[in-house]
Every structure is written in structure tokens, then in C-alpha cells.
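Naming convention: chains lettered A, B, ... in sequence-line order (proteins, then strands); numbering from 1 in each chain.
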Protein chains: 2
Amino acid sequence: MLKLSKKAEYALMAAKYMALKNHSGFSTAKEISESYQIPYQLVAKVLQNLVKSDIAVSAKGVNGGFSLARKANNISLIDIIRAVETNFKIVDCMQLNSSSADCEHFDCCKIKDPLAEVQRKIDKVFTETLLVQIL
Amino acid sequence: MLKLSKKAEYALMAAKYMALKNHSGFSTAKEISESYQIPYQLVAKVLQNLVKSDIAVSAKGVNGGFSLARKANNISLIDIIRAVETNFKIVDCMQLNSSSADCEHFDCCKIKDPLAEVQRKIDKVFTETLLVQIL
DNA sequence: ACAAAAAGGACTGATTTAGTCTGACATTAA
DNA sequence: TTAATGTCAGACTAAATCAGTCCTTTTTGT
């Protein structure tokens, strides 16, 4: 279906939220959740993912929260999406762990190489689109 | 996950198969299924979808089968994928039937407009890649 | 100490996907 | 006529994925 997951959507929204108010300190998961009507626990996890991927930084405790680790013009959509999506390939056999099972005794390879080029172009779209462009 | 469905993969493979032997008459669903180790019933349905979308033509009866309706340089990947995929949008609210429910009281719209441009670029990749390029 | 906040694991329920099976029907070459 | 083939539709299962919730722990400012 070539659809982004909710997690990816929420990650983009959360990143946008933080970008818009970055200067004024931390944003809490609760704050983002309420502003955008996103389930709290989900956005909290997404934010944790962003921290793990060094897109955001976090501060625990009272007055803590999340903040972008970089400027919005230095964060691409692919950074954000990859932080929450495990798979970001149009076909399975392009995953890193495509050892053999899928592609070997199936003749998937008949289209693998040409699709790799398509994959490259899609990656390019998300790589070249920066967070600052969706503000 | 931004992944193509198996149906889309099979449609591409089937189209490729037909393109490669187009001159030599019809290809049967059975033949394609066995050549590529694709479940027969699935590839049969996929082929029916291709016929419905005027990408392939079919002939019933003995010696019947399927054949491409156009030259491979006149069929884009998006034609093939759209023939089998119901949704081909990265977010739900870009679907034609995105009446209201999703996007209205959720603040999804915060990212809808910018993502529409991303969607356009992805469509472009699939529109501009022709079947002949994956042979 | 307490409250606010992140961190993270376990779990459930819904949805989607892939695939199978069945059966009835239409067409056509031999 | 008969066998091979396509057409069409529905029911069904099993597995995977997704979205969401719940609960507990850790950290930290006041």
C-alpha cells in the first residue's frame, strides 16, 4: 500500500511541533499529545525513538521534555521516518537481513535490480525534503 | 512501512514476463505462476486486474492466456501498481474518500499540505519509470 | 518527600496481508 | 464433445503488522 505508519506521521508532527517552538525550551510529550490529539503513550514512544536516533534530546524530571537536537534545516524527513520505521524498503528483499529465504528460491530477483533504482529515487525524495520545508 | 504489496510485486513480475515474450503469443497464468514460483490463484487475480485496467488483454479457451495491451515503453509502473493497489497514498487523508473523520478533529492537517508535495514526487518516480526499464 | 516527566516492557485488539479453497460459468481448439 | 483455459465471486484461515493501552521504573526540580 506504500503508506507511512501512524508512528511516522506522529514523528513528523512531533518534529514539526518542536521545530516551531524550539527556542522556547522543551516540549513535553503531554503537550504535543494534547495539541495534536495524538495518544500520549504513542507520541511518547515516538519521541523516545527520535532521541535514540539523535534527532531530539530529552530532559527528565520536572520541567523536562524534548527538543530538537539540530536545526530544522539540518533534519531530513528520512531521518525522522527511519527513526520510527523498521522497514523502509518497497520490497522485502532489499532489507539488510534479506539473507536468502525470500529471494533465492522465489524468482523475486527478476525485478529486484530494477526496483533498487526506484528505491533509490524514493529515498532521495525523503532525503532531500527537510523538516524546515514542512513547517 | 512504505512497502509494496505482494500483489504489486507479482503484477510487476507478470508484466515483465509478458513483456519478455510478448511476440510469441499469450502467456498463461499457470506458466507465469510456475516460472516465478508465484501462487497460481494470486497471479491469476493480479492478471485479471491488469486486464480490467487495460494493461493486458486476455483470451479465453485453449491456447488462451494473457498478453500486454501496449508496448512496454508505453506502460509505466504506476499503471501496473494502481491496477492492483487500492491505496497508493503515503497518508490516509490523501485518499479520495478522506471525507472528514480522519483529518478534521485530528490535527493531521498540520502535515498534510507539505506531504502532498512528497506524494507528488513519489508518484512521479513511478509514473516516469516504464515497464521497459525493468526488463 | 513529592510531583512531573522520560524510559521502557508487556500486552491486547483490530486490521491487513497473503494465501487457499470452492464452485459456477464462458470460450475455444482439437 | 471434451479438455484447457479464462472469468468471477465469495468464504475462509493464518500470520503479520499496527495502533493503542497499561503498568512500572528512573530521574530530577522544587
Quiz: residues 119-127 of chain B side-chain donor-acceptor pairs under 3.5 angstrom, not counting sequence neighbours:
| residue | atom | partner | partner atom | Å |
| --- | --- | --- | --- | --- |
| B:Q119 | OE1 | B:I90 | N | 2.7 |
| B:Q119 | NE2 | B:F88 | O | 3.2 |
| B:Q119 | NE2 | B:D123 | OD1 | 3.1 |
| B:R120 | NE | B:E117 | OE1 | 3.3 |
| B:R120 | NH2 | B:E117 | OE2 | 3.1 |
| B:K124 | NZ | B:E128 | OE2 | 3.4 |
| B:T127 | OG1 | B:D123 | O | 2.7 |

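- Nearest to the side-chain atoms of A:Y40 among the listed nucleotides C:dA6, C:dA18, C:dC21 stands C:dA6.
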Listing time: all N or O pairs from protein to nucleotides 27-30 of chain C that are below 3.5 Å?
| residue | atom | partner | partner atom | Å |
| --- | --- | --- | --- | --- |
| C:dT27 | O2 | B:G61 | N | 3.3 |

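- Spacing between atom NZ of B:K6 and atom P of C:dT20 amounts to 13 Å, rounded to whole angstrom units.
- The separation between B:M1 atom CE and C:dT15 atom C1' is 14 Å, rounded to whole Å.
- For the segment residues 44-56 of chain A, the set of residues with a heavy atom within less than 4.0 Å of an atom of DNA chain D comprises A:K45, in numerical order.
- Between the CG atom of B:L42 and the P atom of C:dT20 there is a distance of 7 Å, given to the nearest Å.
- One atom, NZ of B:K3, and another, P of D:dT17, lie 7 Å apart when rounded to the nearest Å.
- When rounded to the nearest whole Å, the span between CD1 of B:I38 and C1' of C:dA18 equals 13 Å.
- Map A:A59 and A:K7 each onto its nearest nucleotide of DNA chain D; the residue landing nearer the 5' end is A:K7.
- Regarding A:K30, its NZ atom lies at a distance of 18 Å from the C1' atom of D:dT21, rounded to whole Å.
- For the pair B:Y10/B:K7, no side-chain contact is recorded, criterion being any heavy-atom separation below 4.5 Å from C-beta on.
- Partners of A:V62 by side-chain contact (heavy atoms from CB on, under 4.5 Å), not counting sequence neighbours: none found.
- Considering only residues two or more places apart in sequence or on other chains, A:A83 meets the side-chain contact (heavy atoms from CB on, under 4.5 Å) condition with A:L50, A:S53, A:I55.
- In this entry the distance linking CD1 of A:I32 with P of C:dA6 reads 9 Å, nearest Å.
- Phosphate contact (OP1/OP2 of D:dT5, side-chain N/O of B:S58, threshold under 4.0 Å): absent.
- Scanning for side chain to side chain donor-acceptor pair (under 3.5 Å) contacts around B:T28 gives an empty result, with sequence neighbours left out.
- Residues B:F66 and B:F26 keep their aromatic ring centres 6.0 Å or farther apart.
- Residue B:Q41 contributes atom CD, which lies 16 Å from atom C1' of C:dT17 at whole-angstrom precision.
- By the side-chain contact (heavy atoms from CB on, under 4.5 Å) test, A:N63 is found to be paired with no residue, residues two or more places apart in sequence or in another chain being considered.
- Sorted pairs that involve residues 40-49 of chain B and meet salt bridge (Lys or Arg N to Asp or Glu O under 4.0 Å), not counting sequence neighbours, are lacking altogether.
- Closest to the side chain of B:F66, from the set C:dG19, D:dT7, C:dA7, is D:dT7.
- Applying the salt bridge (Lys or Arg N to Asp or Glu O under 4.0 Å) test to pairs two or more places apart or on separate chains, those with a residue in residues 32-42 of chain A are A:K30-A:E34.
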